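Below is one structure, written out as structure tokens, with a few remarks after it.
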Protein chains: 2
Amino acid sequence: MLNNYSKEDKVLLAVDCIIFGFDKDKLKILLIKRDFEPEKGKWSLIGGFLKKEENLDDAANRVLNHLTGLDEVYLEQFFTYSEVDRDPEERTISVAYYALINIEDHDQELIEHYSAKWFTIDKIPNLIFDHNEMVDQAIKRLQYRASTKPIGFELLPEKFTMRQLQKLYESILDTDLDKRNFISKINALDILIKLDEKDMESSRKGSYLHMFDKEKYDKKTHEGFIFKI
Amino acid sequence: MLNNYSKEDKVLLAVDCIIFGFDKDKLKILLIKRDFEPEKGKWSLIGGFLKKEENLDDAANRVLNHLTGLDEVYLEQFFTYSEVDRDPEERTISVAYYALINIEDHDQELIEHYSAKWFTIDKIPNLIFDHNEMVDQAIKRLQYRASTKPIGFELLPEKFTMRQLQKLYESILDTDLDKRNFISKINALDILIKLDEKDMESSRKGSYLHMFDKEKYDKKTHEGFIFKI
DNA sequence: GCTATAAGTGTTAATTATACACTTCCAAAG
DNA sequence: CTTTGGAAGTGTATAATTAACACTTATAGC
């Protein structure tokens, strides 16, 4: 193809994906053992190359679906990494995304097939290339986003207890929260449905289950409501 | 070159740059009349293609320096645009940056040479491709960043009045601020140096000039201080 | 029926944000 | 010399939000 741009350099464009999951009371990310060179055998984010006929969101979804079997997952692009030597094999620019998944949902067989493993975010191993930097930035972005949009629910089962929600925010924000203050803040938002059902796993008394009321949230947002934790 | 990646598609990677300036009491951006096809003659952001031997920050700096003659300008990458047909000429992915410059500083001749023009942000014309979307997102990112980091000063001359600073934040945040509340907030931050010098342009009484005390800000930040407006 | 354990629940104090109006200064006009 | 116009500069009171804090309740398991 000959056109106005034809003398310009082309590059490989990858997407890399930080997959967050929330297990009991820990925020975790899913990593794979890389099975090809360079850096074969090292821990890595999942990634793949952008194809001609797709945009970056599509590519990130495709890559994520390969590993987890999941579709329609929350994904947010957050930064593009471009150091000249970041990949020793060949000049590659990588667009980083993070994904939020319900850790109970993904395809266990696929995970094993890729030798993937969950790591708590305070014990991330050394990763290839600039992937550790990507993880750090993904956590920062997640902290900001989770404070301003109701995306935390993506990491929880459909029905969850207030305590689970609190633990989730504590692990995302890396801080301790006061139980009473947290609950009254959440209640003031008025975007949850409290069920009659109780979760009996965590205590003898049991703990009421809640659901995120997306319709109500959308309606309130439309009327000017701003989510803030 | 033959390697593990050799069957993957390559793409053109561009950088596009939203250049913000602050003129009197208006936030503006600098646009150029595009002088090549496609979309020749239409208003556009400045941009250019990534070269083999540079990273994206370098490319953005290069592109910005071409148009303004400026160097060491505040630049932040904020999003990568990848719709398949965003550029009708050829598949091009674009990484968007915004820049903050002191509007008095740039090279007037270069601006004229490129038929560039400043537009206030509430009167942006129709731009090529997805550039209007880029501008909208740049403004949002600037609003967030200016609330959490002392980057506003990049848009002002070295010496500025409190009123200029207030007008700047008003135009960035697109809101009115109370003069007394604003000043006491800024004073509470304790990161400005008040000079004995006055600016006599704007009133008969004159208005004290201030400077951003970067050293003090860095020291305070190191000690846990968090900038917040 | 006793016990151990997490769930659930309100009030007060402290901090932060908002609302609001008059005086001062000085160049320019007369 | 006096007057005037216009922006600069300044403080307090109220409202809203956030932070600190401890006891009772429910129930499964022994």
Side-chain angles (χ1 to χ4, degrees), chain A residues 23-26 143 146-148 156-157 159-211 220 224-229, chain B residues 23-26 143 146-148 156-157 159-211 220 224-229:
Chain A
D23 191 13
K24 302 269 189 298
D25 56 356
K26 296 279 190 211
Q143 288 177 339
S147 307
T148 53
L156 294 172
K159 300 173 182 181
F160 51 85
T161 67
M162 277 291 191
R163 187 49 48 95
Q164 283 175 288
L165 188 62
Q166 183 184 344
K167 292 281 180 202
L168 172 65
Y169 274 97
E170 287 180 334
S171 56
I172 290 176
L173 303 175
D174 191 24
T175 184
D176 286 339
L177 299 171
D178 178 273
K179 161 166 81 157
R180 277 171 293 189
N181 291 340
F182 180 77
I183 290 175
S184 45
K185 205 169 201 172
I186 297 293
N187 284 336
L189 294 175
D190 186 29
I191 52 172
L192 295 189
I193 299 165
K194 183 174 180 175
L195 306 175
D196 280 335
E197 216 173 323
K198 278 186 165 186
D199 167 73
M200 301 306 290
E201 299 290 303
S202 61
S203 75
R204 311 205 163 158
K205 184 176 179 179
S207 159
Y208 282 105
L209 289 166
H210 301 255
M211 291 175 68
K220 292 183 68 155
F225 165 75
I226 293 173
F227 179 93
K228 188 87 200 33
I229 285 190
Chain B
D23 190 14
K24 302 268 190 300
D25 56 355
K26 297 277 190 214
Q143 288 177 339
S147 306
T148 53
L156 293 172
K159 301 173 181 181
F160 51 85
T161 67
M162 278 290 191
R163 187 47 49 97
Q164 283 176 290
L165 188 63
Q166 184 186 342
K167 292 280 180 203
L168 172 64
Y169 275 97
E170 287 180 335
S171 56
I172 290 176
L173 303 175
D174 191 24
T175 184
D176 286 339
L177 299 170
D178 178 272
K179 155 165 86 158
R180 278 170 292 188
N181 292 341
F182 180 78
I183 289 174
S184 46
K185 205 169 200 172
I186 298 293
N187 284 335
L189 294 175
D190 186 29
I191 51 172
L192 295 190
I193 300 166
K194 183 175 181 175
L195 306 175
D196 278 336
E197 216 173 325
K198 279 187 165 185
D199 166 73
M200 301 306 291
E201 299 290 303
S202 60
S203 74
R204 308 197 169 164
K205 184 176 179 179
S207 158
Y208 282 105
L209 289 165
H210 301 255
M211 290 174 68
K220 292 183 67 155
F225 166 75
I226 292 173
F227 179 93
K228 187 88 198 38
I229 284 191

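Protein chains get the first letters and strands the later ones, always in sequence-line order, with residue 1 at the start of each. Since this is a predicted model, take the numbers as computed values, not measurements.
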field: Euclidean distance, atom NZ of residue B/Lys167 to atom C1' of D/dA8 [Å, nearest integer]
entry: 13 Å
message: Surrounding CZ of B/Phe225 (heavy atoms of other residues, nucleotides or ligands, distance under 6.0 Å), is the total greater than 12?
response: yes
- prompt: Whole Å only: how far is the CG atom of A/Asp178 from the P atom of C/dT9?
  reply: 14 Å
- prompt: Are side-chain heavy atoms of B/Lys159 and B/Leu195 found at a separation under 4.5 Å?
  reply: yes
task: Let me know the distance between CG of B/Leu177 and P of C/dT18, rounded to the nearest Å.
output: 9 Å
query: Looking at D/dA20, C/dA6, C/dG8, which one has an atom nearest to any side-chain atom of A/Ser203?
result: C/dA6
query: Starting at OH of A/Tyr208 and ending at C1' of D/dT25, how long is that distance when rounded to a whole Å?
result: 11 Å
- prompt: Nearest of C/dC26, D/dG29, D/dT10 to any side-chain atom of B/Ile183?
  reply: D/dT10
query: Do any side-chain nitrogens or oxygens of A/Ser184 fall under 4.0 Å of OP1 or OP2 in C/dT9?
result: no
- prompt: Donor-acceptor pair under 3.5 Å: do we get one between A/Lys205's side chain and the base of C/dA7?
  reply: yes
message: Just the rounded figure in Å: distance from C1' of D/dC21 to CG of A/Asp176.
response: 15 Å
message: How many whole angstroms separate atom CZ of A/Phe182 from atom C1' of C/dG8?
response: 15 Å
query: Of the nucleotides C/dA7, D/dT10, C/dC20, which has the atom closest to the B/Lys179 side chain?
result: D/dT10
Contact under 4.0 Å: B/Arg204 side-chain N or O vs C/dC25 OP1/OP2: no
message: By nearest heavy atom, map A/Arg180 and A/Lys198 onto DNA chain D; which one lands nearer the 5' end?
response: A/Arg180
- prompt: What is the distance, rounded to the nearest whole Å, between atom NZ of A/Lys185 and atom C1' of D/dT18?
  reply: 7 Å
- prompt: Measuring from B/Lys228:NZ to B/Ile226:CD1, what's the distance to the nearest 0.5 Å?
  reply: 10.0 Å
- prompt: Where the side chain of B/Met200 is defined as all heavy atoms beyond and including C-beta, which of C/dA27, C/dA6, C/dA4 is the nearest nucleotide?
  reply: C/dA27
- prompt: Roughly, in whole Å, what's the span from CG in B/Leu165 to P in D/dA8?
  reply: 13 Å
message: Given 3.5 Å as the limit, does a donor-acceptor pair link the side chain of B/Lys179 with the main chain of B/Arg163, or not?
response: no
task: Please confirm whether the backbone N or O of B/Phe227 pairs with a side-chain atom of B/Lys220, one donor and one acceptor, at under 3.5 Å?
output: no
